[in-house]
Amino acid sequence: MTWADLRDWLYPMVEPLSQEDEDREQRRQQERLQLVEAHTDPEALAKSYADLCEEEAERLKSVESRLGGVLGLASITSSLLIGGIFAILNGGLSDSSRGVRVFACATLLYLSLQIVSSTLAAIQGLKRASWISVSTDKYIGSPTVGPTEQQRLSALRNCERLLQMEENINKKVTQMAVAHTAIRNFASASVLIAVLGCVAVFMQQPGSAAARCVSGIDS
């Protein structure tokens with residue numbers, strides 16, 4: 001297991017791109033812009049980029065919808081976590097060994113980190129970003145520019161708009177992946193805790209504080 005894999009299990013976060021990856025992406029964008037300037041059919045190219053922008057807009061709606069779902073799920077997981085905290089504060093593990101209490105506290109801390117990670121990732125994914133708007137020149141043209149050159153300018157604007165949309169949406173997708181990883185960690189830890197809790201309940205004496213807490217019997 002690499003350090004990145006271990007970090008994803010401990011506290012998922014966005015890993016910044018290396019300088020090599022940033023340079024590669026910059027070259028890719030420059031190549032696409034140069035292709036627009038040298039293309040022999042700018043009208044078809046402008047239409048193709050406009051269609052791609054519409055597809056990216058649909059992808060944006062899907063990604064933001066999923067990020068909103070993550071924020072909604074955070075309230076449910078937070079409620080479960082708060083219930084576990086109150087169980088410990090009310091003495092549910094008062095007669096358990098120190099090792100069990102330390103494990104319970106560490107588990108609650110781990111679950112809290114996963115909730116924080118998923119919530120922050122969803123918030124970062126939904127925050128405002130800069131977008132290139134559609135210019136009116138695309139529809140009415142310019143009297144000082146010929147038709148071919150006008151189509152080339154439209155293709156160039158659509159290409160720049162597409163590149164910015166891809167960059168912004170990919171950042172949102174990355175944050176969504178971080179949030180999903182944190183939710184996976186929370187679910188995995190919850191299942192493990194549930195199994196261990198069932199084993200602990202069966203091993204507790206009927207009159208112990210933990211057994212009374214689970215069964216709802218007042219002391």
(message) Looking at Glu64 and Lys172, is any side-chain nitrogen of the basic one under 4.0 Å from a carboxylate oxygen of the acidic one?
(response) yes

(message) Can you see whether Asp5 engages Thr2 through a side-chain donor-acceptor pair at a distance of less than 3.5 angstrom?
(response) yes

(request) Look at the side-chain heavy atoms of Ile, Leu, Val, Met, Phe, Trp and Tyr, link any pair under 4.5 Å apart, and say whether Leu109 and Leu6 land in one connected group. (result) no

(message) Treating Ser154 as the side-chain partner and Gln150 as the backbone partner, does any N or O pair qualify as donor plus acceptor under 3.5 Å?
(response) yes

(message) To the closest 0.5 Å, what do you measure between CD (Gln151) and CG (Leu156)?
(response) 12.5 Å

(request) Starting from the C-alpha separation in whole Å, work towards a yes-or-no answer on salt bridge (charged side-chain N to carboxylate O under 4.0 Å, His left out) for Glu31 and Arg28. (result) CA-CA 5 Å; Glu31 289 173 357; Arg28 186 185 70 87; over 6 Å; no

(request) Please answer whether the main-chain N or O of Gln114 pairs with a side-chain N or O of Asn185 as donor and acceptor at a distance below 3.5 Å. (result) no

(request) Indicate yes or no for a side-chain donor-acceptor contact from Ser62 to the backbone of Arg59 under 3.5 Å, with no hydrogens or angles considered. (result) no

(request) Measure the spacing between CD1 of Ile169 and CD of Glu58 and express it to the nearest 0.5 Å. (result) 10.5 Å

(request) Could you state whether Phe186 and Val116 fall into the same hydrophobic cluster, counting links through intermediate Ile, Leu, Val, Met, Phe, Trp or Tyr residues with side-chain heavy atoms under 4.5 angstrom apart? (result) no

(message) Looking at Asp23 and Arg27, is there a salt bridge between them, counting it only when a charged N and a carboxylate O are closer than 4.0 Å?
(response) no

(request) Answer yes if Leu60 and Leu71 sit in the same cluster of Ile, Leu, Val, Met, Phe, Trp and Tyr residues linked by side chain heavy atoms under 4.5 Å apart, and no otherwise. (result) yes

(message) Using the rule that Ile, Leu, Val, Met, Phe, Trp and Tyr join whenever any side-chain heavy atoms are under 4.5 Å apart, tell me whether Leu162 and Val36 fall into a single cluster.
(response) yes

(request) Measure from the side-chain N and O atoms of Asn168 to the backbone N and O of Ser130, and report whether any donor-acceptor pair falls under 3.5 Å. (result) yes

(request) Of all the heavy-atom pairs spanning Ser190 and Leu111, show the shortest one and how long it is. (result) OG-CD2, 4.2 Å

(message) Testing the basics here: between Tyr110 and Trp9, what is the closest heavy-atom pair and its distance to 0.1 Å?
(response) OH-O, 2.5 Å

(message) Rounded to the nearest 0.5 Å, what separates atom CE in Met165 from atom CG in Leu52?
(response) 10.0 Å

(request) Enter the distance from Gln34:CD to Gln29:CD here, rounded to the nearest 0.5 Å. (result) 12.0 Å

Going by atom type alone, with no hydrogens or angles, which donor-acceptor pairs under 3.5 Å involve a side-chain atom of residues 173-180 and a protein atom two or more places apart or on another chain?
{"residue": "Thr174", "atom": "OG1", "partner": "Asn170", "partner atom": "O", "Å": "2.9"}

(message) So which atom in Leu113 and which in Tyr11 form the shortest heavy-atom distance, rounded to 0.1 Å?
(response) O-CE1, 3.4 Å

(request) Answer yes or no: is there an ion pair linking Arg24 with Glu20, defined by an N-O contact shorter than 4.0 Å? (result) yes

(message) Less than 4.0 angstrom from a charged side-chain N to a carboxylate O is my criterion; do Glu160 and Arg157 meet it?
(response) no

(message) What's the separation between atom CZ in Arg184 and atom OG in Ser118, rounded to the nearest 0.5 Å?
(response) 12.5 Å

(message) Looking at every heavy atom in both Leu67 and Ala122, which two are closest together, and how far apart are they?
(response) O-CB, 3.8 Å

(request) Could you please spell out the steps behind the side chain to side chain donor-acceptor pair (under 3.5 Å) verdict for Asp21 and Ser18? (result) CA-CA 5 Å; Asp21 291 335; Ser18 63; 3.1 Å; yes

(message) Could you report the tightest heavy-atom contact between Leu35 and Leu45, atom names first, then the distance?
(response) O-CD2, 4.4 Å

(message) Looking at Glu43, I'd like to know if its CD atom is crowded, meaning that more than 12 non-hydrogen atoms belonging to other residues, nucleotides or ligands lie closer than 6.0 Å.
(response) no

(message) Are Tyr49 and Leu163 connected into the same hydrophobic cluster when the rule is that any two of I, L, V, M, F, W, Y join if their side-chain heavy atoms are below 4.5 Å apart?
(response) yes

(request) Starting at CG of Leu120, measure out to CD1 of Ile115 and round the result to the nearest 0.5 Å. (result) 11.5 Å

(message) Check this for me: does any side-chain nitrogen of one of Glu167 and Lys171 sit under 4.0 Å from a carboxylate oxygen of the other?
(response) yes

(message) Less than 4.0 angstrom from a charged side-chain N to a carboxylate O is my criterion; do Arg7 and Glu15 meet it?
(response) yes

